[in-house]
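Please read all numbers here as calculations on a predicted model, not as lab measurements. If you read the sequence from its start, that first residue is 1, and numbering goes on from there.
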Amino acid sequence: MSNRILIVEDEEAIARFVELELRHEGYEVGKAADGRTGLEQALHGGYDLVLLDIMLPELSGLEVIRRLRRESSVPVIMLTARDTVMDKVSGLDMGADDYITKPFAIEELLARIRTALRKRPAAAPSNLLTCGGLAMDAARHTVTYEGHPIDLTSREFDVLKLLLENQQIVLSRETFLTKVWGYDYMGETNVVDVYIRYLRSKIDDAFGCSLIHTVRGVGYVLREG
Ligand code: CA
């Protein structure tokens with residue numbers, strides 16, 4: 001599974017250039033153009049590393065790293081526009097792993113990224129299940145659609161996980177009941193339909209995609225299109 005990198009950078013030309021180079025190196029890439037979105041995605045997007053500009057709209061990069069470090073130890077490389085000692089010191093004080101001064105040579109950035117990814121503390125192994133733009137990190141208990149976090153209850157999460165683990169395969173209501181609710185479940189079998197409806201509204205309807213399909217008289221299947 002390739003590493004996922006988030007670029008938080010409001011200068012579109014730089015963000016685009018770095019994105020293309022990283023994709024070329026085989027990384028998966030997400031982007032955010034302001035500090036608030038960047039913080040949200042860094043916290044919930046299931047990324048392995050964050051490239052964080054300091055001068056950002058909404059929230060500065062320094063404020064993003066300060067808030068991020070309350071909850072997450074994801075490696076962060078700060079992008080500093082000026083070679084000012086203050087920015088570097090502040091960024092590192094607040095928990096950034098490294099910094100690089102703009103303009104930088106892409107080879108140097110790639111080397112810093114490889115180093116930061118190697119130093120990453122041993123976390124629970126990422127177990128990413130994907131279908132179209134949908135991604136579930138079972139270890140971190142996060143679900144995103146094209147990088148946008150989706151809030152699910154724990155039951156919704158379990159139903160979706162079963163669908164993702166068996167995509168292209170039609171699952172009957174009984175299968176859901178057995179695997180998600182347990183053998184001793186005595187309630188209504190239409191509880192499955194109810195949870196499928198919740199998931200559709202949070203995924204298919206919310207993002208305008210078509211992933212969860214009904215197969216009449218049989219059950220449900222997760223697949224693209
Ligand atoms: Ca900037």
**Report entry** Test side-chain contact (heavy atoms from CB on, under 4.5 Å) applied to Tyr220 and Tyr195, step by step
**Finding:** CA-CA 11 Å; Tyr220 298 100; Tyr195 274 85; over 6 Å; no
Report summary line: Across all chains, not counting sequence neighbours, the side-chain hydrogen bond (donor to acceptor under 3.5 Å, both in side chains) partners of Arg223 are none
Query - Side-chain donor/acceptor of Ser201 to backbone N/O of Tyr198, under 3.5 Å - result: yes
Query raised in the report: Is a side-chain N or O of Thr115 found less than 3.5 angstrom from the main chain of Ala111, in a donor-acceptor match?
Result: yes
Report task. Kindly indicate, with the supporting measurements, whether the criterion side-chain contact (heavy atoms from CB on, under 4.5 Å) is fulfilled by Phe17 and Leu22. Result -> CA-CA 9 Å; Phe17 168 67; Leu22 293 181; over 6 Å; no
Query - Candidate list Leu222, Ile169, Leu134, test side-chain contact (heavy atoms from CB on, under 4.5 Å), partner Leu163, passing option - result: Leu222
Query raised in the report: Taking C-beta and beyond as the side chain, do Phe104 and Thr80 meet within less than 4.5 Å on heavy atoms?
Result: no
Report summary line: Residue pairs passing the ring-ring contact (aromatic ring centres under 6.0 Å, His included) test with at least one member in residues 141-170, sequence neighbours excluded, are His141-Phe157, Tyr145-Phe207
Query - Check: Ile203 and Leu211 side chains under 4.5 Å, non-hydrogen atoms - result: yes
Requested in this report: Could you grab the distance from atom CG of Leu51 to atom CG of Leu109, nearest 0.5 Å is fine?
Outcome: 5.5 Å
Query raised in the report: Looking at Ala116 and Pro75, what are the two nearest heavy atoms and their distance?
Result: O-CG, 4.0 Å
Query raised in the report: What are the two closest heavy atoms between Ala135 and Leu128, and how far apart are they?
Result: CB-CD1, 4.4 Å
Requested in this report: Scan residues 145-158 for pairs that pass salt bridge (charged side-chain N to carboxylate O under 4.0 Å, His left out), counting only residues two or more places apart or in two chains.
Outcome: Glu156-Lys202
Query raised in the report: Going from CD1 on Ile150 to NE2 on His44, what distance comes out if it is rounded to the nearest 0.5 angstrom?
Result: 13.0 Å
Report task. Could you list the residues that satisfy salt bridge (Lys or Arg N to Asp or Glu O under 4.0 Å) with Glu63, not counting sequence neighbours? Result -> Arg66, Arg67
Requested in this report: Report the residues that fulfil side-chain hydrogen bond (donor to acceptor under 3.5 Å, both in side chains) with Thr37, sequence neighbours left out, ordered by chain and then residue number.
Outcome: Asp34
Query raised in the report: What closest approach, in Å, do Arg173 and Gly219 show between heavy atoms, and which atom pair accounts for it?
Result: NH1-CA, 4.2 Å
Requested in this report: Would you confirm whether Asp48, through its side chain, and Arg4, through its main-chain N or O, come within 3.5 Å as a donor-acceptor pair?
Outcome: yes
Report summary line: So CD of Glu224 and SG of Cys209: to nearest 0.5 Å the spacing works out to 9.5 Å
Requested in this report: Could you tell me which residues satisfy salt bridge (Lys or Arg N to Asp or Glu O under 4.0 Å) with Arg112, sequence neighbours excluded, listed by chain and number?
Outcome: Asp98, Glu108
Query raised in the report: When you check the side-chain N and O atoms of Thr175 and Thr178, is any donor under 3.5 Å from an acceptor?
Result: no
Requested in this report: Grab the two heavy atoms, one from Val50 and one from Ala42, that are nearest each other, plus how far apart they are.
Outcome: CG2-CB, 4.0 Å
Report summary line: Those residues at least two apart in sequence (or on a different chain) that pass side-chain hydrogen bond (donor to acceptor under 3.5 Å, both in side chains) with Ser210 are none
Report task. Provide the closest heavy-atom pair for Gly26 versus Ser2 in the form atom of the first, atom of the second, distance. Result -> O-CB, 3.1 Å
Requested in this report: Taking Gln167 for its side chain and Thr130 for its backbone only, find out whether a donor-acceptor pair lies under 3.5 Å.
Outcome: yes
Query raised in the report: Can you find a heavy atom in the side chain of Glu28 that is under 4.5 Å from one in the side chain of Ile5?
Result: no
Requested in this report: Identify, with sequence neighbours excluded, every residue that meets salt bridge (Lys or Arg N to Asp or Glu O under 4.0 Å) alongside Asp204.
Outcome: none
Query raised in the report: Any side-chain donor paired with an acceptor under 3.5 Å for Asn3 and Tyr47?
Result: no
Query raised in the report: Any chain of hydrophobic side-chain contacts (each under 4.5 Å) joining Leu79 to Ile106?
Result: yes
Report summary line: Students should find that the hydrophobic cluster of Val221, defined by side-chain heavy atoms under 4.5 Å apart, otherwise consists of Val170, Val215, Val218
Requested in this report: Just do the side-chain contact (heavy atoms from CB on, under 4.5 Å) check on Val18 and Glu21 with the steps written out, would you?
Outcome: CA-CA 5 Å; Val18 173; Glu21 292 290 337; 5.7 Å; no
Query raised in the report: Residues in side-chain contact (heavy atoms from CB on, under 4.5 Å) with Val64, at least two apart?
Result: Leu39, Leu52, Leu59
Query - Close side-chain approach of Arg69 and Ile65, heavy atoms under 4.5 Å - result: yes
Query - With Arg16 via salt bridge (Lys or Arg N to Asp or Glu O under 4.0 Å) - residues at least two apart - result: Glu19
**Report entry** Atom pair CD/CD1 of Glu9 and Ile14 - distance to nearest 0.5 Å
**Finding:** 4.5 Å
**Report entry** Any residue meeting side-chain hydrogen bond (donor to acceptor under 3.5 Å, both in side chains) with Glu11, in chain and number order, not counting sequence neighbours
**Finding:** Lys102
Query - Point-to-point distance, once rounded to the nearest 0.5 Å, from CD of Glu174 to NZ of Lys179 - result: 13.5 Å
Requested in this report: Check whether any side-chain heavy atom of Val191 lies under 4.5 Å from a side-chain heavy atom of Phe176, and answer yes or no.
Outcome: no
Requested in this report: Test side-chain contact (heavy atoms from CB on, under 4.5 Å) on Val8 and Leu56 and set out the steps.
Outcome: CA-CA 8 Å; Val8 188; Leu56 288 170; 3.6 Å; yes
Query raised in the report: Is a side-chain donor or acceptor of Arg200 paired with a backbone partner of Ile212 at a separation under 3.5 angstrom?
Result: yes
Query raised in the report: Of the non-hydrogen atoms in Arg23 and Val29, which two are nearest, and what is the gap between them?
Result: NH2-O, 3.1 Å
Query raised in the report: What distance separates Leu49 CG from Leu117 CG, expressed to the nearest 0.5 Å?
Result: 5.0 Å
Query raised in the report: Counting only heavy atoms not in Lys31, do more than 12 fall under 6.0 Å of its NZ?
Result: yes
